[in-house]
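Every chain is numbered from 1 and lettered A, B, ... according to where its sequence line falls, protein lines coming before strand lines.
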Amino acid sequence: MEERYNPEQIEAKWQRYWDENSAFRVDEDPGRKKYYLLEMFPYPSGNIHIGHVRNYTIGDVLARYKTMQGFNVLHPMGWDAFGMPAENAAIANNTHPAKWTYANIDTMGRQLKRLGLSYDWEREIATCRPEYYRWEQWLFLKMLEKGMAYRKESYVNWCEDCQTVLANEQVEAGMCWRCGRQVVQKKLWQWFFRITDFAEDLLVYCDQLPGWPEKVTSMQKNWIGKSFGAEIRFRVENSDEIIAVFTTRQDTIFGATFMCLAPEHPMVPKLAEGTAQESAVADFIDKMSHQDRSGKAVDQYEKEGVFTGGYCINPLNGRRMPVYTANFALMGYGTGAVMSVPAHDQRDFDFAKKYGLEIVVVIQPEGEQLDPKTMEAAYTDDGVLVNSGPFDGTPNRQALEDIAAHLETGGIGKKTVSYRLRDWGISRQRYWGAPIPVIHCPDCGIVPVPEKDLPIVLPEDAMLLEGGRSPLSELPRFKKTVCPICGRNDARRETDTMDTFVESSWYFERYCSPRCDTGMFDPAAVSYWMPVDQYIGGVEHAILHLLYSRYFTRVLREIGLVSFKEPFDRLLTQGMVTKESVTCPTHGYLFPTESEKSEGGHRCLKCGAEVTVGRMEKMSKSKKNVVDPNELMAQYGADTTRLFCLFAAPPERDLEWSETGVEGGFRFLNRVWRLAGDWMEVIGSAAPYEGSPDSLTGDIRDLNKKVHQTIHKVTGDIGDRYRFNTAISAVMELVNSMYGIDPRSGASEVAGVCRFAMETVLLLLAPFVPHFSEELWEALGKPAGIYRQPWPVYREDALEKDELLIVVQVNGKLRSRFSIGTDADDATIKKTALSDERVIPFIEGKPVKKVIVVKKKLVNIVV
RNA sequence: GCGAGAGUGGCGGAAUUGGUAGACGCACUGGACUUAGGAUCCAGCUCUGGCGACAGAGUGGGAGUUCAAGUCUCCCCUCUCGCACCA
């Protein structure tokens, strides 16, 4: 073996070896237990970043570990290749999204291979290829047939910059999730998936995902947003029209003094028609359509509204309630109509104060007398009903039930539940996506593309129009088509494409049979591999991607293609990678090289001002705190890069990047390398010691035990707990104790135990630093392929301690400790403790009240 | 406001079931080897007092349960993340 550890050379060598031997190729094998390990596939943005490195390294450790444990491990990789960044890049560089995407796939594929990840590259997929999205189009047709996909005209979130519709999930705080521009409302015909049909099922099963972080399931539950209440019908005065409201507080209905409708509510213009309010209402509606009415900006908007000119009647007390349209009423929740109870709802209270509307108290708290004239805020807690006719005196919790029942018998309303979840709008007025396979015929209307005509291929030679608009609607050879039903030749092909979240909602099933050309996947392959045993990715996908994937699995089940309900058995959400940022008061974020440490702190090299160092922030180009994995791998190699990502923090926590920490990892590998070199002469030809520890003595006996204990510890840390940081530190400890051993000394078993220790270190390190382990494994004279070696097994009898270390406490305080033979009984231990010379001064002259002996561990003397 | 998580040395983090707080690593300090060391090896490293053996304090703060609490219970503080005019 080489004297010096040269990662560049050995990493290239073993990557070539794995590649040439298709080392990680797998097939279905009913005789072996399968394990499907999946990391969230990347968007081919151009370069891998450190977050990818962390994500894929965590997955690779588990994949390699499971392989060594004897599982048939499916570990695939592919590309989430459709989407807007490709279009943006195409505009910026005057190229084509396809060209840009395929070039990036090529580059990033090489970078991932440079990390030594154990993927079955023969299963690589890219969602922008017709072979892939053709089956998505096929599924769309199935969903259309089953009524799971439908078209409706509706208000949608529209981004002026991106010239496209955004799903609710893609609106963050009222802004476009990609460009940050304020979202406006626009009415368009859109395709939807009926995800709300599964709202209850998706919610219920959140509690049956024990392998998921609670954080994620609770976010999903929150997103689905189930609330219990009642739907109540209010009659419009002098009309047959009915306005239905959804409320969770039907107990306060006698206190409802007015009503608020969302500006988009269809009743608003009807009520205003012919009244003095007509133009004021029209102005308000117009104003609201330009205003951001969700998210953060909301705090800044005062509650405002306009009287519509109409009234409705409170069905329980006949009160004449003015109907307003108000900015805080949302068309997207409940029925878009709110029965306003100012005394018991803060929003309604504010609104009533502003517009001088009446406040009627209907719930009195115990021992207090609320007076509408002096109230400064709504009273939202429990109490007893007043001013509520027959319900006076009822506790409000009880009244919730009673009033709901009363409404139901009177045919005025019913108990109901409302979900926050909306149907999934999937239409995108974008080019770089999977075309929606339908045809618009002037005679036949919406016509599904016949299955035999799939795929509808996205023309890859069309260039984007100015502003990034989709060329599809202006490309006659795509748009113009013949109606498959009536044969009219002026039918129009749908030019919207699908949301990219559609592709990522089933890719994990495609991996099971990625080249299947008879369906979305081969059912036998899917039934062997699915569900995914372990899924790993960023928490940023906690709602969107994971909820859609769960939904799609239900769709596939409904259609009869799969028999399971949940796609991902266990989920690990890894933390992000952070690094300290440097900020200058005038120049903003600085690269590390743009500031200098000097007396009195760090200074900006541009202006000399004192800079702020040390805030840990997510790595990003704009914060100038990124670490380039390519540079790291060039400097230290893939193994060190992997090692640090695993060692610095447990997977689910944020990882603080530290340059000196990386060097520490590199130092450790060098330390093992040197030790192997030192020992090689002695252990190179020795047989590993496999016997019982009983025939060993002294240091070498201790070492042998330490090796077994380390196997035990590392196996538990990787397999049960996913604590790679402590697994690595256990191996470091073992290596440290190996440094204290002279393999050339003493007993005849020394060489064998040392050989065993070294082999074990390499096997335990194999999932973490695979190239390094392969190289030294080979240097030990072993055949290449440590990745397929069985995982080491510990001997139970070697885990037992030779001596017990007993801790002695007096009144719970540590006072002494002593070693004693393992056969010592509690009485002996107690006696030894009581006569311990360091214990005596603390118990002398005091009566011993009680002595607690914890088996083989501790004595506590209470005086 | 609602939901989730976190708070331990100078730093990242250990402590798996209530039982030795600070494993492992980084930084720092000292020593060895060396022409030299930013290489390597050995040692030290929570705080306070003491030359020292030792003693006292100590896991965000406060109470409690217990022979024993970083760990369990209650209250409070701080931070991070998610959702939020949700009727």
Side-chain angles (χ1 to χ4, degrees), chain A residues 173 213-223 225-227 229 245-249 252 256 259-260 262 293-296 298-299 301-303 326-330 332-341 345-348 350-351 380 418-420 539-540 542-543 575-576 614 616 644 647-650 652-665 667-668 670-671 674 713 716-717 720-721 723 725-733 735-736 739-740 805-817 838 841 849-855 857-863:
Chain A
E214 201 188 327
K215 176 182 177 137
V216 174
T217 47
S218 92
M219 276 164 76
Q220 293 215 347
K221 284 191 217 168
N222 221 315
W223 189 261
K226 183 180 187 178
S227 48
V245 304
F246 173 75
T247 181
T248 55
R249 292 299 305 273
T252 63
M259 181 174 292
C260 289
R293 293 176 45 240
S294 64
K296 271 204 188 92
V298 148
D299 293 340
Y301 285 118
E302 210 181 314
K303 284 160 199 37
N327 61 348
F328 68 84
L330 304 173
Y333 186 77
T335 60
V338 183
M339 98 185 178
S340 290
V341 185
D345 180 282
Q346 192 56 44
R347 273 171 331 193
D348 298 344
D350 294 343
F351 196 83
T380 54
S418 184
Y419 298 92
R420 210 183 71 100
V539 75
E540 66 272 19
I543 298 171
M576 56 189 191
M616 288 296 165
F644 178 72
F647 180 64
E652 66 279 2
R653 261 206 243 180
D654 285 353
L655 186 156
E656 286 186 19
W657 196 263
S658 142
E659 194 60 38
T660 52
V662 179
E663 273 165 25
R667 198 142 57 207
F668 168 67
N670 274 289
R671 211 164 132 79
R674 275 194 309 275
K713 166 84 175 148
D717 280 354
D720 306 336
R721 304 202 308 152
R723 300 298 279 256
N725 54 335
T726 52
I728 292 165
S729 65
V731 180
M732 286 174 168
E733 272 189 75
V735 170
N736 287 347
Y739 260 82
L805 182 68
I806 304 294
V807 170
V808 189
Q809 299 177 333
V810 179
N811 289 342
K813 274 195 158 99
L814 174 75
R815 294 302 176 189
S816 181
R817 59 192 97 185
R838 272 169 300 193
K849 276 197 224 155
K850 206 175 184 185
V851 179
I852 286 133
V853 180
V854 179
K855 276 220 170 322
K857 227 175 209 169
L858 172 142
V859 180
N860 190 11
I861 304 163
V862 187
V863 294

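Residue contacts shown for N670(A) are absent, as no nucleic acid heavy atom lies under 4.0 Å away. Heavy atoms of G664(A) sit under 4.0 angstrom from primed sugar atoms or phosphate atoms, though from no base atom. Here D350(A) lies out of heavy-atom contact (under 4.0 Å) with every strand. The residue K849(A) sits apart from the nucleic acid: no heavy atom pair falls under 4.0 Å. Nucleic acid contact class of P213(A) (heavy atoms, under 4.0 Å, all strands): none.
OP1 or OP2 of A27(B) has at least one side-chain nitrogen or oxygen of R667(A) nearer than 4.0 Å. Dashed line: the shortest gap from a side-chain N or O of R815(A) to OP1 or OP2 of C54(B) is not under 4.0 Å. Residue R838(A) places none of its side-chain N or O atoms closer than 4.0 Å to OP1 or OP2 of A53(B). Side-chain N/O atoms of N736(A) include none lying less than 4.0 angstrom from OP1 or OP2 on A23(B). Phosphate contact (OP1/OP2 of A14(B), side-chain N/O of N725(A), threshold under 4.0 Å): present. Regarding contacts with the backbone of A6(B), every side-chain N or O of R653(A) stays at 4.0 angstrom or more from both OP1 and OP2.
The nucleotide A15(B) finds no pairing partner, because no Watson-Crick or G-U wobble arrangement with both distances shorter than 3.5 Å includes it. Across all strands shown, G1(B) is found opposite C83(B) as a Watson-Crick or G-U wobble partner, with both distances under 3.5 Å. Using the Watson-Crick or G-U wobble rule with both distances under 3.5 Å, U48(B) pairs with A55(B).
For R817(A), the side-chain atoms get nearest to U20(B) when compared with the rest of C24(B), U20(B), A4(B). The listed nucleotides are A55(B), G82(B), G5(B); the one nearest the side chain of E214(A) is G5(B).
Defined by atom type and a distance below 3.5 Å, a donor-acceptor pair is missing between the side-chain atoms of N222(A) and R420(A).
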